[in-house]
Amino acid sequence: MKNTTDTLRRAAAWLAAAAFLLPALVVMLRAPKVPYADQWRFQAHLLSTPFPQSVVNADNGHHELLPSLVRLAELHWLHGGQWLQIGIGIVLLLATLALGWRQLAALPASQRHAAWLALLLGLCWLGNQRALGHGNETVHAYSVTALLLAGLQVLGQRLRPGPGAAGIAALCGLAAAFSFGSGIATFAAFFPMLWLTRARPAAWATLSLGLVLTLAALQLTGDSAGALAFAPLSWISSWLRWLAGPWIHAAWPVLDPALAERLPPALGALLAPVASAYEGRFGPVMLAWFPHIPIALAGLAALAWLLLKAWLAPHTPSAPAQRLGIGIALFAAATGALVAVVRDAYFQTYPDQLLAPRYLVWSSLFWAGLLLAATARASSPRRALSLVLAVAVVLLPSQLWTARLAGSMRQVAAHIAAAAAVGVVDRAAPRGENVPAEIATALPLQRQAQVEMFAWPQARWLGRTPPSQPLAIRDLQVEAVDNLLETPARRVQFATGAAGGDARLLLVDADGVARGLAVPDAGAGPDRWIGWMEGGDTTPPQAMRMPE
């Protein structure tokens, strides 16, 4: 009976892993195949700056040498399209999970499954949709996580590591620091590993030298961090609230009346009064201190306790797995401290951005590391697995609304790109995290290089007369738009007889010349389309598919 129960628990663990890993991979594969958010700025820089400065220079405090090399290769070899970034991001995510699985080998089967599921929840929960659903984010995020786990493996898997292991970890830290700004925080995980494993003095000296060389390299390649105002209370408050971010997002509809109202009517009616009462007592959830700060303090207390226990019992079979979880949590905590200090002035101006979804890819790892370490040292493998499964069940409902956020980002990106291909930056259109000025800067460079939207087959018909037959459309609406590029333009909305899928349509004027593009408008209905055209002609246009 006991063996049967254990088998069922392990089967439940694999089912839970599939329930989080498969949606994460789907979101990654369905990430926008067009520029979104920072990509416009990155591409303008890559297309206008000579190599190697184009990949070495810092951007907004981040050194992204490795990701920039991938972006540059994609632009020059594949005309953009995001597929190379998406593919490499998926490989890096799976590599992170594989490195974690390998480092848990000494645990009993049920405990190993539980600990690995804890890591998977931190990486693949769709609260991380901002990173998972954006090819540009996946490369830098999961290169850092893979390098973090590689460094933790060489330092934390055995006692008294020497200078060779410390040198490899230092190289991982250097590479992580040149993948993204949070990469420097890997050293905050590596040094405690030396303490926990009673490392030799030569290992301390080697890793310290690696940190010094990394900081010097960052400074020489354009450290963009300006002078910081000394505000320790603000830093600590922001850091604690930042650490609690995953739990706040997981419970978001219970804390935010606006989100509760967008849920299905029955569920919204149940949660809206609770959310309204919370907001009335503590204020808007993105600005409140409760339950954020108590949650974070509890997490930090758990981390301190796990650190002490790991130091006192370094020889147990589960010690390497415990050190892995502690290292991950320390990295995430250091990343949060870095964000709180360096971005303090920004958060004073935009306080709601402290808990923005783009940070969850890091703060989720704090709780995943704690859960992994606690699971690894648990006295009962069966209870450990039950605990992690309970956390997975708690997170499952949030998979739904976070997946919707990823879908809305994908639609906004597609609409912005279709308009941009025609030479329109519609001031009135939803733009998500796209910055219109950055789009306007990137467009002429993309057009000249014939990359991204300008490499679409449909875009090559703009200004020409396509030989296709027009489609039957209905509910046609044409209206002038306020174009940031200051040229006359129109927005066109209509319906066809079939769902649009991922297709694009040409929009053709009365003279037969293609002057616009249309893409599906899933938010308006399965057969609805929205497009943009150059020129101020109010004559109803025709819609055509790509010529054969």
Side-chain angles (χ1 to χ4, degrees), residues 58 61-67 92-93 95-100 102-103 119 122-123 131 137-157 161 163-197 199 203-219 221 223 225 239 242-243 303 307 310 320 323-342 359 361-370 372-373:
H62 299 285
H63 295 75
E64 300 187 52
L65 172 61
L66 300 179
L92 290 168
L93 172 62
T96 303
L97 290 168
L99 286 165
R102 183 176 178 181
Q103 293 178 62
L119 174 63
L123 291 165
E137 301 262 348
T138 59
V139 176
H140 72 230
Y142 301 118
S143 60
V144 170
T145 60
L147 289 163
L148 168 68
L149 265 71
L152 291 174
Q153 178 168 331
V154 298
L155 292 179
Q157 288 299 292
I168 294 172
L171 289 175
C172 289
L174 173 66
F178 277 89
S179 294
F180 198 62
S182 58
I184 193 66
T186 55
F187 285 96
F190 296 161
F191 277 106
M193 289 304 105
L194 299 182
W195 176 65
L196 290 174
T197 56
W204 284 92
T206 301
L207 190 61
S208 298
L209 178 61
L211 174 59
V212 170
L213 292 176
T214 299
L215 292 173
L218 292 173
Q219 187 66 36
T221 52
D223 180 28
W239 179 48
W242 185 94
L243 285 174
L303 177 58
L307 263 169
R323 291 193 286 265
L324 171 64
I326 290 169
I328 292 171
L330 286 168
F331 160 77
T335 298
L338 189 65
V339 170
V341 172
V342 174
Y359 294 121
V361 65
W362 311 118
S363 55
S364 295
L365 290 175
F366 177 73
W367 301 98
L370 292 181
L372 191 161

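In this structure, Leu372 and Leu324 have side chains that are in contact, with non-hydrogen atoms separated by less than 4.5 Å. A heavy-atom distance below 4.5 Å is not found between the side chains of Ile328 and Leu370. Side-chain contact between Thr335 and Phe366 is absent, with no heavy atoms from C-beta onward closer than 4.5 Å.
The two residues Ala188 and Leu330 make their nearest non-hydrogen contact at O-CB, 3.9 Å. Counting all heavy atoms, side chain and backbone alike, Trp239 lies closest to Gly336 at CD1-C, 3.3 Å. Minimum heavy-atom separation, Thr214 to Ala177: CG2-CB, 3.7 Å. Val339 approaches Trp242 most closely through the heavy-atom pair CG1-NE1, 4.0 Å. Heavy-atom minimum distance, Leu218 versus His63: O-NE2, 3.1 Å. Pairing each heavy atom of Ala334 with each of Ala185, the nearest pair is CB-CB, 3.9 Å.
Checking side-chain atoms of Trp204 against main-chain N and O of Ala166 turns up no donor-acceptor pair under 3.5 Å.
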Donor-acceptor list for residues 143-156 side chains, cut-off 3.5 Å, not counting sequence neighbours:
from	atom 1	to	atom 2	distance (Å)
Ser143	OG	Val139	O	2.8
Ser143	OG	His140	O	3.0
Ser143	OG	Ser179	OG	3.4
Thr145	OG1	Thr96	OG1	2.9
Thr145	OG1	Tyr142	O	3.1

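Here the straight-line distance linking atom CG of Leu99 with atom CG of Leu92 works out to 10.5 Å at 0.5 Å rounding. Rounding to the nearest 0.5 Å gives a distance of 6.0 Å between CD1 of Ile326 and CE of Met193. Taking CG from Leu338 and CD1 from Ile184, the interatomic distance works out to 8.5 Å, rounded to the nearest 0.5 Å. Put simply, OG1 on Thr206 and CG on Leu211 are 12.5 Å apart, with the number rounded to the nearest 0.5 Å.
Sequence neighbours left out, the pairs with a member in residues 137-150 that pass salt bridge (Lys or Arg N to Asp or Glu O under 4.0 Å) are Arg130-Glu137.
Taking the six-membered ring where the residue is Trp, Trp362 and Phe180 present parallel rings, their angle staying beneath 30° rather than reaching 60°. Relative ring orientation between Phe191 and Phe187 is described as tilted, the plane-to-plane angle lying within the 30° to 60° band.
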Working for side-chain contact (heavy atoms from CB on, under 4.5 Å), residues Leu93 and Thr138: CA-CA 8 Å; Leu93 172 62; Thr138 59; over 6 Å; no
